[in-house]
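A quick note: this is a predicted structure, and the numbers were derived from the prediction, not measured.
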Amino acid sequence: MEKQELEKLEGEVDSIIFRSEDTGFCVIMLRTDVDLISVVGDLGNVEEGEELVCTGYYTVNQKYGDQFQCELCERRLPTSAAAIQKYLASGAIKGIGPVTARSLVKRFGDDTLNVLENQPERLCEIDGISPSKAEKISKAFRKTFVVRTLMIFLSNYSIPMSAGIAAYKKWGDAAEKLIKSNPYVLCSDNVDVSFVKADIIAKQLEIPKDSDDRIRAGISCVLKANADSGHTCLPIDKLSKITCDFLEIETDRFDKVLADELEEETLFCYIKNGRRFIMLYDYYKADDYISKRLTVMKECSYDSKMDFSSVIDLNEKKNNIEYEEKQREAINLSLSYGFLVITGGPGTGKTTTLNAIIDLYKQQGMNVMIAAPTGRAAKRLTDLTGYDAKTLHRLLEVKPTSDGNLRFVHDENNMLDCDALIIDEMSMVDTLLFEAVLRGIKLTCKLVLVGDSDQLPSVGAGNVLKDIMDSGVMPVVKLTQIFRQAQKSAIVTNAHKIVGGEHIDLKQKDNDFFFMQRMDYDSLQSLTSDLCKTRLPKAYNFSPFDDIQVLSPTRKGPAGTVELNKRLQAELNPPKNGKSEIKTPLFTYRTGDKVMQTKNDYDIVWKKQKGEKSDTGAGIFNGDIGRIISCNKILKTLTIDFDGREAVYNMEMLKNLELAYAITVHKSQGSEFDAVILTVFGGYDKLYYRNLLYTAVTRAKKLLIIVGDNRRVDFMIDNNRRTLRYTCLKELLKELNSHEEAENTLF
């Protein structure tokens with residue numbers, strides 16, 4: 001985005017056109033010495049009559065004319081009697097309305113605000129104001145003044161207004177004092193200021209580089225960054241080196257602070273294979289709960305060892321189907337035990353097995369719930385089984401709390417009315433989400449986990465499915481037979497070859513799997529664009545927006561999603577007169593664009609129209625793909641349709657939104673698309689490995705086209721480096737189960 005020349009604009013708030021209480025984004029009319037000017041930006045809780053000094057630049061909006069985009073806002077309480085009266089009459093101070101405002105200014109004039117803050121007893125000079133009411137009004141004024149000074153203080157360090165609002169919600173009147181004593185509190189959850197910005201404040205406040213607060217925040221920052229990469233813990237030697245290098249401190253200072261954190265139980269240590277691993281509280285709590293809960297559920301779900309062959313035979317006759325041996329084993333185990341993992345690749349009959357299990361559970365009068373991690377995966381599960389599948393978030397129901405956190409409605413105090421829960425695409429379920437699931441179901445609830453262990457692990461931290469399978473806590477049935485109909489698909493047969501490390505025939509041109517060689521970035525981008533825009537829609541009647549998905553192993557580089565998205569947007573949804581758009585440093589978003597949410601956001605409110613009725617809810621989640629249906633340039637908002645759920649996004653929310661013409665393979669997990677175009681060319685070797693290729697190939701339902709370098713495809717098949725994740729769940733499960741087995745041998 002072109003850098004604008006900044007200038008200052010001073011004036012009095014004449015009127016407020018729009019304000020978001022959550023983010024502080026406002027549209028106001030500012031009365032200057034010259035004119036009445038429209039100002040937009042993160043202005044917080046400004047009120048009419050306030051005096052502002054805005055730093056920013058002028059923009060021209062085709063619909064709304066000249067506007068001033070405010071990048072930095074300095075608030076000044078009004079000084080003249082007329083401005084003070086307008087400010088107080090606006091309702092800025094609780095207990096003061098227009099009549100009282102007029103009386104106060106008439107009595108105290110330009111000194112009114114000083115009296116409110118420092119001489120509240122004088123307010124009793126006004127008829128109708130008692131000493132108790134005077135004190136309440138003064139307290140309300142001081143509270144408002146505290147918020148404003150906090151915002152001014154943070155604006156000096158370019159801290160977003162939304163972070164200031166979050167800090168005040170979290171710490172109240174003590175926020176500014178707390179931040180000045182320890183700026184690193186700004187890095188805490190729900191405020192989420194970066195460590196680098198907090199470090200700048202600390203440096204200006206002359207807080208020592210080796211202070212306990214800085215080291216404590218640095219350790220947490222490193223652990224959170226690694227959690228974002230999938231690790232629920234880190235070996236202490238790695239954590240020490242990374243943190244000491246990052247903070248430029250000595251090891252003994254790190255050791256001292258870490259010891260304090262462990263003693264205070266804000267961090268936890270787990271020893272596995274003689275090596276110490278450090279965990280954040282949330283992940284320790286989750287792993288500990290999952291391991292204990294599954295161990296208890298294992299005991300409650302006692303295996304009756306009954307043979308249900310006759311029941312399965314009847315189900316075969318009813319549905320005119322014949323189950324293979326492993327399918328029968330899984331179905332029988334679900335009835336006799338009801339506590340198992342079913343895994344297998346494409347075409348091995350997982351869906352057929354699931355349908356049988358659901359059908360037989362329902363015949364027994366059970367209340368069965370089926371779920372998947374994402375909206376697309378849940379919709380696919382509904383289509384395949386004919387039963388209503390929900391996302392896990394929708395199943396558990398999300399609710400906000402007064403402290404700015406989020407909770408699930410269904411937990412150990414309000415469990416789901418569920419006799420059996422079946423979760424598909426379990427490889428995508430991360431540690432924190434699975435903890436929430438277990439808290440929401442009864443100990444006696446049958447639990448069937450279904451997933452493909454050869455796919456990539458979850459986007460969130462943890463490797464839950466693999467850890468459970470490796471621990472032995474749940475019986476595992478692996479479906480391996482590829483059924484005859486699936487054998488006709490080169491997508492299916494090649495996927496199994498990839499898992500087995502076998503090179504595939506890239507010259508094949510007569511099935512649903514194609515390879516198109518391109519040995520430079522420009523021709524790769526051109527072919528990808530042409531396939532999306534012209535060739536596939538013409539040959540197969542595929543929609544570039546609804547049916548075709550471009551995948552890449554990486555975000556970066558000419559074959560990465562960022563550059564591909566820009567190219568595809570230019571071809572599929574170019575700028576046009578009358579088509580509104582909003583620019584951010586990374587992307588331009590315009591009406592009609594295909595977009596994806598990149599982080600779980602439980603606060604986003606959506607509305608879904610069902611005939612004449614409408615349904616509302618909250619929560620748009622990582623990997624949800626939608627389409628921009630409208631763009632408001634004056635308010636800088638987008639309205640996005642996520643499979644029928646319409647949500648409004650402001651500028652602050654756009655940091656978790658990306659164009660989605662091309663997405664990474666990781667982000668495609670749990671989804672299937674009629675046609676997939678996979679770019680494989682260049683980039684870092686560590687991003688090109690077997691189970692990433694396998695995951696990409698299995699996203700395609702009808703057609704897969706790989707564009708790029710055939711040597712890179714072979715390299716991926718040969719590179720069986722599974723994604724390494726540091727977790728402790730497997731060891732915790734093994735430890736608890738070995739204790740259970742040891743106790744059982746005593747009796």
Side-chain angles (χ1 to χ4, degrees), residues 9-54 68 70 73-152 161 164-165 168-169 172-176 402 635:
L9 185 69
E10 297 186 33
E12 178 188 314
V13 179
D14 182 80
S15 58
I16 298 169
I17 309 300
F18 171 84
R19 171 163 54 207
S20 167
E21 299 293 344
D22 292 330
T23 66
F25 178 79
C26 297
V27 180
I28 66 169
M29 299 305 295
L30 193 72
R31 185 172 297 282
T32 69
D33 292 339
V34 179
D35 203 353
L36 196 62
I37 297 173
S38 173
V39 177
V40 299
D42 290 342
L43 307 177
N45 54 341
V46 295
E47 299 290 354
E48 292 180 1
E50 266 194 275
E51 294 178 1
L52 303 181
V53 179
C54 299
F68 189 83
C70 180
C73 174
E74 179 185 350
R75 296 167 171 77
R76 295 177 182 172
L77 288 173
T79 53
S80 70
I84 290 171
Q85 182 173 330
K86 186 172 185 179
Y87 169 68
L88 294 177
S90 70
I93 308 300
K94 188 177 180 180
I96 300 179
V99 174
T100 304
R102 185 165 57 250
S103 300
L104 287 169
V105 173
K106 184 178 180 181
R107 179 72 181 84
F108 304 116
D110 295 350
D111 200 35
T112 300
L113 298 185
N114 178 52
V115 171
L116 282 170
E117 183 179 10
N118 301 310
Q119 300 173 292
E121 67 280 357
R122 292 192 61 194
L123 298 180
C124 297
E125 297 173 19
I126 306 298
D127 289 340
I129 297 183
S130 65
S132 61
K133 185 176 180 180
E135 185 57 32
K136 286 180 181 178
I137 291 174
S138 183
K139 280 184 178 179
F141 176 80
R142 287 196 293 270
K143 181 178 179 181
T144 303
F145 189 72
V146 166
V147 176
R148 294 171 194 285
T149 56
L150 171 65
M151 298 302 177
I152 293 169
M161 197 69 63
I165 292 170
Y168 185 77
K169 284 182 178 179
D173 293 353
E176 184 176 354
S402 57
L635 301 182

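- For the side-chain contact (heavy atoms from CB on, under 4.5 Å) test, residues two or more places apart in sequence or in another chain that qualify with K133 are I129, S130, I137.
- Counting heavy atoms from C-beta outward, S38 and M29 have side chains that approach closer than 4.5 Å.
- Between atom OH of residue Y87 and atom CG of residue L113 there is a gap of 7.0 Å, rounded to the nearest 0.5 Å.
- Evaluation of the side chain to side chain donor-acceptor pair (under 3.5 Å) rule for E125 yields R107, R122 as partners, not counting sequence neighbours.
- Taking E12 as the reference, nothing meets the salt bridge (charged side-chain N to carboxylate O under 4.0 Å, His left out) condition, with sequence neighbours excluded.
- Looking at heavy atoms from C-beta onward, K86 lies in side-chain contact with D14 at the 4.5 angstrom threshold.
- Separating the SG atom in C70 from the CG atom in L9 is a distance of 8.5 Å, to the nearest 0.5 Å.
- Note that the CD atom of E50 and the CD1 atom of I16 stand 8.0 Å from one another [nearest 0.5 Å].
- Applying the side chain to side chain donor-acceptor pair (under 3.5 Å) rule to E48 yields no partners; only residues at least two apart in sequence or on another chain are considered.
- The two residues V53 and E10 make their nearest non-hydrogen contact at CG2-CG, 3.8 Å.
- In this structure, T112 has no side chain to side chain donor-acceptor pair (under 3.5 Å) partners at least two apart in sequence or on a different chain.
- The distance from the CD1 atom of I84 to the CG atom of D111 is 8.0 Å, given to the nearest 0.5 Å.
- Taking SG from C54 and CG from L43, the interatomic distance works out to 6.0 Å, rounded to the nearest 0.5 Å.
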Exercise for the section: Kindly indicate, with the supporting measurements, whether the criterion side chain to side chain contact (heavy atoms under 4.5 Å, CB included) is fulfilled by Q85 and R102. Expected result: CA-CA 6 Å; Q85 182 173 330; R102 185 165 57 250; 3.9 Å; yes
Practice task
Give the C-alpha distance, both sets of side-chain angles, the deciding distance and a yes or no for side chain to side chain contact (heavy atoms under 4.5 Å, CB included) between L88 and T100.
Solution key: CA-CA 9 Å; L88 294 177; T100 304; over 6 Å; no
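- Across all non-hydrogen atoms, the minimal contact from A101 to I96 is N-CG2, 3.8 Å.
- E117 places no side-chain N or O within donor-acceptor distance of the main-chain N or O of N114, the cut-off being under 3.5 Å.
- For D110, there are no side chain to side chain donor-acceptor pair (under 3.5 Å) partners at least two apart in sequence or on another chain.
- The side-chain contact (heavy atoms from CB on, under 4.5 Å) test with L52 is passed by exactly one of L30, V39, T32: L30.
- Within the 4.5 Å cutoff, the side chain of S15 has heavy atoms near those of the I17 side chain.
- Atoms CG and CZ, from N118 and F141 in turn, are 8.5 Å apart once rounded to the nearest 0.5 Å.
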